[in-house]
Protein chains: 2
Amino acid sequence: MARPERATKARVPLSKERILRAAVALADRDGFESLTMRKLAQELGAGAMSLYHYVPNKDELLDGMIDIVFSEIDLPPTDVDWRTAMRQRAISTREVLNRHRWANGLMESRTQPGPASFRLHDSVLGCLREAGFSIQMTVHAYSVQDSYIYGFALQEKSLPFETPEESAKVAEVMVRQFLANDYPYLAEVVAGHVAKVGYDFRSEFEYGLDLILDALEKRRDTG
Amino acid sequence: MARPERATKARVPLSKERILRAAVALADRDGFESLTMRKLAQELGAGAMSLYHYVPNKDELLDGMIDIVFSEIDLPPTDVDWRTAMRQRAISTREVLNRHRWANGLMESRTQPGPASFRLHDSVLGCLREAGFSIQMTVHAYSVQDSYIYGFALQEKSLPFETPEESAKVAEVMVRQFLANDYPYLAEVVAGHVAKVGYDFRSEFEYGLDLILDALEKRRDTG
DNA sequence: ACCTGAACACCGTTCAAGT
DNA sequence: ACCTGAACACCGTTCAAGT
């Protein structure tokens, strides 16, 4: 009933929504440099120029894609204390950033933020204000948290391993390199930590996150 | 005596060093998308293909450029306490990142870090280890600091103003937009803070930095 | 040894046209 | 209204050749 398919080729009409979703999926699957107007159109079974009826240019395509990514981040819940709410939102942000690694450097550098971005920002600020943070302290709290979250995801993206097991393996090779090149502390830290237990991104992320939230809690009333 | 110039056109021979320096200068001046092999060659008064005798491809050109950026970051001084040393290094990193905005997303995502990157990493780890941080705590301390520094610089890069005066001006327009679109907290925070005093990146950066360093100091011995 | 032009397989986007 | 192919001004890079 819904969406009748004519003949063998599905003839779903194009739409901005459909184009944006396909663009996100393509970037997720093949990486950011693989996202070209031509390939995207092909993915949709259309000519390259058809896209330009829904999106003025590639830059605004990116704006739309980024706002989809923002929309996937859970808003901070309003029925728990601010610390729990901020913690959950931070963890959700990191998850989404890992799901869409190409988005990482672009999220905060778009000149045209979309509605999902505004809604999230507004909710986070609201959470802090309602918890009794002064306006000044809200700005501080927001800045530290987001710098940390996006910065962590940025470094995480680049490390040459995904799991603790992998990291332990890679680490042994690195240690030899470091020792041979006179980087004693790099060798020591990698040998004594990463190579032994592996590097667990999730727990590392939460360590720093809790450190920051603890510190914010203490400063909430002092400004 | 040094570097005799033949005729009117300087005939300085190409070299990897010279190419990398010119590439950094070009990206600084005209932005990252303006950095093409063709334009870079032109900047050096050479044919595009000449570059390939010194750099195997554009990707390795970027690796070299990034390591130049790393080399500009001051190593943490060894004759002061760790907190002062880390603070100075963080401030120097932010300065360098602002000088080379194009580098920001790339610094930690290169697959082939260069010697300047290793040297800096080694020095920072050394600073923490010598200050009595356990290996485990050194990893934590390193991760929080760098996530914060790079994340802050990332957001700073994208904000649509450079000085507190500019920010105050932009803020007034934004507040009207936020109120019209039902983002009450965004409106409140921007009106009550940014529009009033302007947003000062340097002091915002140092607020978060000190918050993190304070927290690390307290945890140094507890792990 | 050091440099280079022509050429190839790509880009994003304009324009004038198809149904 | 919705879609498109040819064409333009770009890319990075290969290759075969110049001095």
Side-chain angles (χ1 to χ4, degrees), chain A residues 3-27 29-66 102 105-106 109-112, chain B residues 3-27 29-66 102 105-106 109-112:
Chain A
R3 200 158 29 95
E5 300 198 358
R6 207 185 324 206
T8 47
K9 271 269 197 254
R11 215 55 203 80
V12 192
L14 285 177
S15 71
K16 183 161 184 176
E17 175 73 14
R18 211 162 87 80
I19 291 172
L20 291 178
R21 301 251 164 235
V24 169
L26 180 57
R29 173 157 55 81
D30 295 350
F32 188 66
E33 332 85 62
S34 290
L35 176 74
T36 70
M37 299 303 272
R38 283 167 159 96
K39 276 188 202 145
L40 176 56
Q42 197 186 324
E43 205 82 9
L44 290 157
M49 291 311 107
S50 308
L51 306 181
Y52 285 87
H53 278 265
Y54 302 92
V55 159
N57 51 48
K58 194 177 182 182
D59 222 58
E60 295 206 18
L61 178 81
L62 286 180
D63 283 337
M65 292 169 67
I66 293 294
W102 51 269
L106 308 172
S109 70
R110 297 278 83 198
T111 38
Q112 287 281 32
Chain B
R3 198 156 33 91
E5 301 195 358
R6 205 179 332 201
T8 47
K9 272 266 198 257
R11 216 55 203 81
V12 190
L14 285 177
S15 69
K16 182 161 185 179
E17 176 73 13
R18 210 162 88 80
I19 291 172
L20 291 178
R21 300 253 164 233
V24 169
L26 179 57
R29 172 156 56 81
D30 294 350
F32 188 65
E33 332 87 62
S34 290
L35 177 74
T36 70
M37 299 302 273
R38 282 167 158 95
K39 276 188 201 143
L40 176 57
Q42 197 185 323
E43 205 81 7
L44 289 157
M49 291 312 107
S50 308
L51 305 182
Y52 285 87
H53 277 265
Y54 302 91
V55 159
N57 51 48
K58 196 179 180 180
D59 222 59
E60 295 207 18
L61 177 81
L62 287 179
D63 283 336
M65 292 169 67
I66 293 294
W102 51 269
L106 308 173
S109 70
R110 297 277 84 198
T111 39
Q112 286 281 29

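Numbered from 1 within each chain, the chains take letters A, B, ... in sequence-line order.
Base engagement by A:Ser50 is indicated by at least one non-hydrogen atom pair under 4.0 Å involving a base atom. Nucleic acid contact for B:Ala48: none, since no nucleic acid atom lies under 4.0 Å from a heavy atom of the residue. B:Met49 comes within contact range of at least one nucleobase, with a heavy-atom separation under 4.0 Å.
Put simply, OH on A:Tyr52 is 13 Å from C1' on D:dC8, counting in whole angstrom units. Atom CG of B:Leu51 and atom C1' of C:dC2 are 13 Å apart (whole Å). One can place CZ of A:Phe32 at 14 Å from P of C:dC11, the figure rounded to the nearest angstrom. If you take CD1 of B:Ile19 and P of C:dC2, they are 12 Å apart, rounded to a whole angstrom. Put simply, NZ on A:Lys16 is 15 Å from P on D:dC2, counting in whole angstrom units. To the nearest angstrom, P of C:dA7 lies 13 Å from CZ of B:Arg38. Here the P atom of nucleotide C:dC11 and the CG atom of A:Leu35 are 11 Å apart, to the nearest Å. For the pair B:Glu33 CD and D:dC11 P, the interatomic distance rounds to 12 Å; values are reported in whole Å.
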- Task: Given side chain to side chain contact (heavy atoms under 4.5 Å, CB included), test B:Leu51 with B:Val55 step by step and report yes or no.
- Result: CA-CA 6 Å; B:Leu51 305 182; B:Val55 159; 5.7 Å; no
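Nucleotide D:dC3 has no partner under the Watson-Crick or G-U criteria, as no pair reaches both atom distances under 3.5 Å. Nucleotide D:dC8 has C:dG12 as its partner under the Watson-Crick or G-U criteria, with both atom distances under 3.5 Å. Base pairing annotation: D:dA17 forms no Watson-Crick or G-U wobble pair, as no partner gives both donor-acceptor distances under 3.5 Å.
One N or O on the side chain of A:Asn57 and one on the backbone of A:Glu60 form a donor-acceptor pair closer than 3.5 Å.
Here the side chain of A:Lys58 is nearest to one of D:dC3, C:dG12, C:dC3, namely C:dG12. Side chain of A:His53, nearest nucleotide from C:dC3, D:dT13, D:dT4: D:dT4. Closest to the side chain of A:Tyr54, out of C:dG12, C:dC3, D:dC3, is D:dC3. When the nucleotides C:dG12, D:dT13, D:dC11 are ranked by their closest atom to the side chain of B:Lys39, D:dC11 comes out on top.
Considering CG of A:Leu61 and NZ of A:Lys16, their distance stands at 8.5 Å, rounded to 0.5 Å. Atoms CE and CG, on A:Met65 and A:Leu40 in that order, are 8.0 Å from each other to the nearest 0.5 Å.
Ion pairing between a basic and an acidic side chain is recognised when a charged N comes within 4.0 Å of a carboxylate O; A:Arg21 and A:Glu17 show such pairing.
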